[in-house]
Every structure is written in structure tokens, then in C-alpha cells.
Amino acid sequence: MKRIESEKIKSNAAFYADLTRSNWSPIIQPSGTGDEYWDKLFQYFPDHQLFYETFEGEWLGFANTIPIHYNQPLSELPEEGWDWLLERGIKGYEDGISPNTLGGLQIGVNPKFRGKGWSKKILEHAKKSMQEYGYKQFILPIRPTLKDQHPEVPMEEYMTWIKDEKIYDPWIRTHLNAGAEII
């Protein structure tokens with residue numbers, strides 16, 4: 001796995017957009033906040049958008065991250081999650097506030113390479129990026145991959161489901177295995 005240079009990303013913008021859509025169910029894709037701020041993410045924080053390819057040159061996956069300033073206890077993170085994170089990062093940048101925390105907006109893997117542990121490797125690279133920039137913590141408002149199949153189940157219950165002696169949702173499980181903590 002190697003990082004893709006920015007010119008190759010620009011020339012494959014349609015593939016990136018399709019890959020992003022393929023990673024999320026329709027119920028979690030719409031976001032007025034995303035519509036308003038997404039382009040600024042790339043304008044303000046291009047070095048925080050991590051794109052990877054195989055050594056043979058095929059798109060492997062990506063991690064979109066955003067730096068923010070956050071000094072409250074993690075237990076006080078707002079329920080607005082993803083929308084809050086994106087807006088806080090963009091407004092913080094526009095207001096000249098120095099970031100101290102890296103936020104993860106999304107990680108996506110090319111369908112051709114899913115189920116082979118690449119999301120965990122991309123997550124590890126995002127965590128290394130946090131350290132390289134000197135941020136004190138990494139927060140990720142994750143969107144569980146199988147939650148849309150169980151809309152009747154409250155999130156608080158869903159995220160603790162166990163199947164075959166492990167957390168049911170693979171994306172929650174990936175983050176927990178990488179050292180995350182559910183807040």
C-alpha cells in the first residue's frame with residue numbers, strides 16, 4: 001500500500017465519489033453540513049486527505065480526516081457526531097483556531113479489496129498521521145456498517161451486540177480492535 005499523489009486523485013475524482021457512495025448506505029449519506037463544507041475540507045486540509053493504492057497502481061482506499069480544537073473530556077463529545085466534526089474543523093480553520101485533535105470523517109475501501117483487512121491498515125495510517133502532526137487525540141464518529149439493517153434497534157443497544165463472542169458490527173469491531181473506546 002502506498003499513498004497516492006494529489007494529481008492522480010484529481011484525475012480519478014469520479015472513482016473517489018463512487019467509492020465514497022458505495023461505502024455508505026443511502027440512509028446515512030445525505031448531510032446538509034456535508035453539502036455546505038465538504039469542498040472546503042479539500043481546500044483547507046489537503047494533506048489530511050489520505051488516499052492509497054496498491055503497488056500495482058490500483059485504488060485501494062482512503063481516509064478523510066480533519067483537524068479541530070477540542071479541550072473538553074471525550075465523554076462530552078456532542079451527539080451530532082460527523083456533522084459537528086466537519087463543521088467544527090472548517091469553522092475553526094476560518095477563525096484561525098489552532099487544532100489539537102484529529103477527527104476521522106470516513107474511511108473507504110475499494111469493493112475489490114474489502115474483507116481483507118485494508119480498512120484497519122488505513123485506520124492505522126490515519127492514526128500515524130495524528131502523531132506526525134502532533135495532535136493529542138484522534139476522534140471518530142463512526143457509522144456502523146450494518147446498523148441500517150436494524151433501524152428499530154436503538155444505537156446504544158446495537159453497538160453492544162455480541163455475535164460469536166465478538167462485537168456484531170464489523171466497523172465497530174475494527175475500531176475497538178485498533179484501540180478505540182466507545183463513548
Side-chain angles (χ1 to χ4, degrees), residues 1-10 12-13 15-24 28-29 31 33-53 59-72 74 77-110 113-114 117-145 170-183:
M1 175 171 92
K2 62 182 180 174
R3 191 139 178 218
I4 298 175
E5 299 302 321
S6 60
E7 287 308 311
K8 186 169 182 178
I9 295 166
K10 290 176 187 173
N12 287 282
F15 182 77
Y16 167 66
D18 289 344
L19 184 55
T20 296
R21 280 189 291 279
S22 76
N23 274 280
W24 312 117
I28 59 175
Q29 286 183 17
S31 167
T33 303
D35 293 343
E36 183 176 350
Y37 294 114
W38 193 253
D39 290 340
K40 289 182 179 181
L41 175 72
F42 291 87
Q43 178 185 346
Y44 297 166
F45 308 110
D47 292 343
H48 287 75
Q49 312 320 307
L50 313 172
F51 294 87
Y52 299 97
E53 64 184 356
W59 270 65
L60 182 61
F62 60 88
N64 296 118
T65 65
I66 189 167
I68 66 166
H69 185 85
Y70 189 76
N71 276 336
Q72 292 80 16
L74 292 177
L77 284 166
E79 290 187 22
E80 293 82 14
W82 191 93
D83 288 325
W84 170 85
L85 181 62
L86 179 59
E87 182 175 358
R88 184 170 184 109
I90 298 301
K91 286 186 174 182
Y93 177 88
E94 292 174 344
D95 292 340
I97 299 170
S98 294
N100 62 1
T101 299
L102 186 62
L105 294 168
Q106 66 176 346
I107 291 175
V109 175
N110 183 337
F113 298 107
R114 288 185 191 151
W118 288 110
S119 60
K120 183 177 180 182
K121 289 181 186 208
I122 293 171
L123 179 59
E124 288 169 3
H125 277 260
K127 287 170 70 175
K128 284 180 189 172
S129 171
M130 174 202 75
Q131 295 165 346
E132 290 169 7
Y133 282 99
Y135 301 129
K136 67 179 187 176
Q137 58 197 356
F138 190 30
I139 57 174
L140 298 105
I142 68 168
R143 296 171 268 184
T145 53
W171 198 224
I172 294 174
R173 191 171 55 245
T174 294
H175 285 281
L176 292 175
N177 290 340
E181 175 183 335
I182 295 175
I183 299 174

Open item on the list: Could you walk me through whether F62 and Q106 satisfy the side chain to side chain contact (heavy atoms under 4.5 Å, CB included) test, starting with their C-alpha distance in whole Å, then the side-chain angles of each, then the deciding distance to 0.1 Å, before giving a yes or no?
Closed with: CA-CA 8 Å; F62 60 88; Q106 66 176 346; 3.6 Å; yes
- [ ] Could you go through the side chain to side chain contact (heavy atoms under 4.5 Å, CB included) check for W118 and N110 one step at a time?
- [x] CA-CA 9 Å; W118 288 110; N110 183 337; over 6 Å; no
Open item on the list: Is there a side chain to side chain contact (heavy atoms under 4.5 Å, CB included) between K40 and E94? Walk through the geometry before answering.
Closed with: CA-CA 10 Å; K40 289 182 179 181; E94 292 174 344; 2.9 Å; yes
- [ ] Please report the C-alpha distance between Y70 and L85 in whole Å, then the side-chain angles of each, then the deciding distance to 0.1 Å, and finally whether the side chain to side chain contact (heavy atoms under 4.5 Å, CB included) criterion is met.
- [x] CA-CA 10 Å; Y70 189 76; L85 181 62; over 6 Å; no
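With values rounded to the nearest 0.5 angstrom, T145 atom OG1 is found 8.0 Å from R173 atom CZ. Taken from CH2 in W82 to CG in L105, the straight-line distance is 6.0 Å, to the nearest 0.5 Å. Between atom CG of residue L74 and atom CD1 of residue I183 there is a gap of 4.0 Å, rounded to the nearest 0.5 Å.
Annotation: side chain of F51 is in contact with side chain of N64 (closest heavy-atom distance under 4.5 Å).
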Report, one line per pair, each donor and acceptor closer than 3.5 Å where one atom sits in a side chain of residues 133-140; sequence neighbours left out.
residue, atom, partner, partner atom, Å
Y135, OH, H48, NE2, 3.0
K136, NZ, N71, OD1, 3.2
Q137, NE2, T101, OG1, 3.2

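Every residue was checked against the ring-ring contact (aromatic ring centres under 6.0 Å, His included) condition with H69, not counting sequence neighbours, and none meets it. Residues meeting the ring-ring contact (aromatic ring centres under 6.0 Å, His included) test with Y93, sequence neighbours left out: Y44, F45.
Centroid-to-centroid, the aromatic rings of W59 and F113 stay 6.0 Å apart or farther.
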